[in-house]
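Below you'll find the structure, written out as structure tokens, and then a few comments.
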Amino acid sequence: MSVFKVRQGDGPVILAYPHSGTLVPDEIAARFNAQGHLLRDTDWHLPTLYHGLLAGATHVEATFHRYVIDANRDPSGASLYPGQNTTGLIPLTDFDNQPIWKPGEEPTEDDRAMRLEQFHAPYHAALRAEIERVRRRHGVAILYDCHSIRSVIPHLFEGRLPDLNIGTDNGKTAVPSIQQAAADVAAAAAPTFTHVVNGRFRGGWTTRHYGQPQTGVHAIQMELAQATHLAAESPPFAYDDARAAPLRDTLSALLNRIDALAAELKGDA
């Protein structure tokens with residue numbers, strides 16, 4: 001059982017997918033209740049959405065589901081957004097605050113230790129190895145963390161989420177030119193798509209952990225509203241090619257703008 005997939009490219013950009021996996025080992029799935037089995041909070045079809053958008057990009061994908069253990073959470077269990085509703089390292093509820101485990105089958109501390117070792121750590125070892133490989137090759141590495149979420153989730157945020165949510169932890173995880181390039185492309189896509197920079201989702205643990213511009217590693221998160229590329233934000237969460245087409249155009253432009261910045265960033269490193 002492989003808990004991650006890697007497709008190496010020869011360019012400076014790495015696309016990471018911590019939440020697109022749907023693998024749940026049988027012994028864990030047996031402990032889910034009906035709500036848990038829906039896997040509702042998957043970042044559905046992101047590898048398909050991003051396929052072929054940037055020549056030379058490296059892709060690192062977690063195959064396991066975030067309900068097994070969340071690859072975009074601090075392994076210590078520290079909250080990403082203190083004081084705000086969110087889910088933890090091993091979620092007990094879904095994004096609607098509905099329990100996902102059968103009574104008495106909730107994960108234990110032993111489960112946490114095992115899943116950190118067997119799922120979380122191997123994925124991040126693979127991601128870290130690719131970051132180092134790319135940085136050695138180019139002098140810099142740009143990590144683009146791929147995410148999506150339902151556009152309306154009252155438990156997590158008010159109203160409808162913007163279509164494109166760019167996160168750099170308030171400018172800490174990448175140089176200003178990367179954030180600005182992403183924001184410029186997103187703004188040019190209006191009125192088809194709305195966007196925000198460092199709004200409700202300003203970058204998860206992956207972005208904050210690896211994004212260290214002073215070392216030549218820059219990180220940016222993109223959280224997409226799923227209404228931009230799914231037929232419906234409900235089961236079976238089918239991918240919609242026609243709906244996704246304009247989004248793919250925008251994302252391609254954004255990724256290529258970021259990719260083009262690597263040469264000047266190398267000169268500054």
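One is the number of the first residue; the rest follow in order along the sequence. For the numbers below, each heavy atom of this structure counts, side chains included, while hydrogens, waters and symmetry mates do not.
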With a 4.5 Å cut-off on side-chain heavy atoms, are [Y] and [X] touching?
{"X": "Leu265", "Y": "Ile142", "answer": "yes"}
{"X": "Arg133", "Y": "Thr58", "answer": "yes"}
{"X": "Pro162", "Y": "His195", "answer": "no"}
{"X": "Arg200", "Y": "Gln84", "answer": "yes"}
{"X": "Ile28", "Y": "Asp26", "answer": "no"}
{"X": "Tyr144", "Y": "Thr207", "answer": "no"}
{"X": "Leu89", "Y": "Leu116", "answer": "yes"}
{"X": "Leu156", "Y": "Leu161", "answer": "no"}

Step through the shown structure and confirm whether more than 12 heavy atoms of other residues, nucleotides or ligands are within 6.0 Å of CD on Glu27. yes
Assess whether atom CD of Glu117 is packed by more than 12 heavy atoms of other residues, nucleotides or ligands within 6.0 Å.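 Counting other residues, nucleotides and ligands, CD of Glu117 stays at 12 neighbours or fewer.
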With sequence neighbours excluded, what pairs up with His155 under the ring-ring contact (aromatic ring centres under 6.0 Å, His included) test? none
Residue list, ring-ring contact (aromatic ring centres under 6.0 Å, His included) with Phe95, at least two apart or on another chain: none
Pair Asp96 + Arg150, salt bridge at N-O below 4.0 Å: yes
Would you tell me whether [X] and [Y] have side-chain atoms, one donor and one acceptor, within less than 3.5 Å of each other?
{"X": "Asp145", "Y": "Tyr17", "value": "no"}
{"X": "Arg160", "Y": "Thr194", "value": "no"}
{"X": "Asp163", "Y": "Thr228", "value": "no"}

[X] side, atom [atom1]; [Y] side, atom [atom2] - distance, nearest 0.5 Å:
{"X": "Leu46", "Y": "His147", "atom1": "CG", "atom2": "NE2", "answer": "8.5 Å"}
{"X": "Asn170", "Y": "Arg208", "atom1": "CG", "atom2": "CZ", "answer": "8.5 Å"}
{"X": "Ile14", "Y": "Cys146", "atom1": "CD1", "atom2": "SG", "answer": "11.5 Å"}
{"X": "Leu247", "Y": "Leu224", "atom1": "CG", "atom2": "CG", "answer": "5.5 Å"}
{"X": "Asp240", "Y": "His45", "atom1": "CG", "atom2": "NE2", "answer": "10.5 Å"}
{"X": "Met222", "Y": "Asn165", "atom1": "CE", "atom2": "CG", "answer": "8.0 Å"}

Do side-chain atoms of [X] reach the backbone of [Y] as a donor and acceptor pair under 3.5 angstrom?
{"X": "Ser252", "Y": "Leu53", "answer": "yes"}
{"X": "His65", "Y": "Tyr67", "answer": "yes"}
{"X": "Glu130", "Y": "Val60", "answer": "no"}
{"X": "His218", "Y": "Gly211", "answer": "no"}
{"X": "Lys102", "Y": "Ala30", "answer": "yes"}
{"X": "Asp259", "Y": "Leu255", "answer": "no"}

Heavy-atom closest pair, residues [X] and [Y]:
{"X": "Pro12", "Y": "Val134", "value": "O-CG1, 3.5 Å"}
{"X": "Thr22", "Y": "Leu39", "value": "O-CD1, 4.0 Å"}
{"X": "Gln226", "Y": "Ser148", "value": "NE2-OG, 3.0 Å"}
{"X": "Arg248", "Y": "Tyr50", "value": "NH1-C, 4.1 Å"}
{"X": "Val3", "Y": "Pro122", "value": "CG2-CB, 3.8 Å"}

Taking side chain to side chain donor-acceptor pair (under 3.5 Å) as the definition, give me every residue that meets it alongside Arg135, ordered by chain and number, with sequence neighbours left out. Glu132, Thr215
Just jot down the side chain to side chain donor-acceptor pair (under 3.5 Å) partners of Ser151, sequence neighbours excluded, or say none. Glu233
Sequence neighbours left out, what passes salt bridge (Lys or Arg N to Asp or Glu O under 4.0 Å) with [X]? Give chain and number order.
{"X": "Asp10", "value": "none"}
{"X": "Asp74", "value": "none"}
{"X": "Arg243", "value": "none"}

Residues in side chain to side chain contact (heavy atoms under 4.5 Å, CB included) with [X], at least two apart?
{"X": "Asp111", "answer": "Arg31, Pro107, Thr108, Arg115"}
{"X": "Gln35", "answer": "Asn33, Leu38, Arg40, Asp94, Gln98"}
{"X": "Thr86", "answer": "Arg73, Ser79"}

I need the single residue from Asn72, Thr42, Asp70, Asp41 that forms a side chain to side chain donor-acceptor pair (under 3.5 Å) with His19. Which is it?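 Among Asn72, Thr42, Asp70, Asp41, the one that satisfies the side chain to side chain donor-acceptor pair (under 3.5 Å) with His19 is Asp70.
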Give the cluster check for Val24 versus Phe4: same hydrophobic cluster or not, with ILVMFWY residues linked at side-chain heavy-atom distances below 4.5 Å. yes
Same cluster for Val152 and Phe193 if Ile/Leu/Val/Met/Phe/Trp/Tyr side chains link at under 4.5 Å?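 No, no single cluster joins them.
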Under the side-chain contact (heavy atoms from CB on, under 4.5 Å) criterion, do Ile149 and Asp43 qualify, and how do the steps go? CA-CA 6 Å; Ile149 194 168; Asp43 290 12; 5.7 Å; no
Using ring centroids (six-membered ring only for Trp), state whether Tyr239 and Trp44 fall under 6.0 Å.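 No: the rings miss the under 6.0 Å criterion.
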Run the side-chain donor-acceptor check on residues 173-186: report pairs under 3.5 Å with partners two or more places apart or on a different chain.
from: Thr173; atom 1: OG1; to: Thr168; atom 2: O; distance (Å): 3.2
from: Thr173; atom 1: OG1; to: Ala219; atom 2: O; distance (Å): 2.7
from: Gln179; atom 1: OE1; to: Thr168; atom 2: OG1; distance (Å): 2.4
from: Gln179; atom 1: OE1; to: Asn198; atom 2: ND2; distance (Å): 3.3
from: Gln180; atom 1: NE2; to: Asp184; atom 2: OD1; distance (Å): 2.7

Only pairs at least two apart or in different chains count here, so list each ring-ring contact (aromatic ring centres under 6.0 Å, His included) that has a residue in residues 109-133. Phe64-Phe119, His120-His124, His120-Trp205, His124-Trp205, His124-Tyr210
Go through Thr206 and Leu127 one step at a time and tell me if the side-chain contact (heavy atoms from CB on, under 4.5 Å) criterion holds. CA-CA 10 Å; Thr206 301; Leu127 181 56; 3.9 Å; yes
Please step through side-chain contact (heavy atoms from CB on, under 4.5 Å) for the pair Phe201 and Ile166, ending with a clear verdict. CA-CA 8 Å; Phe201 299 101; Ile166 299 163; over 6 Å; no
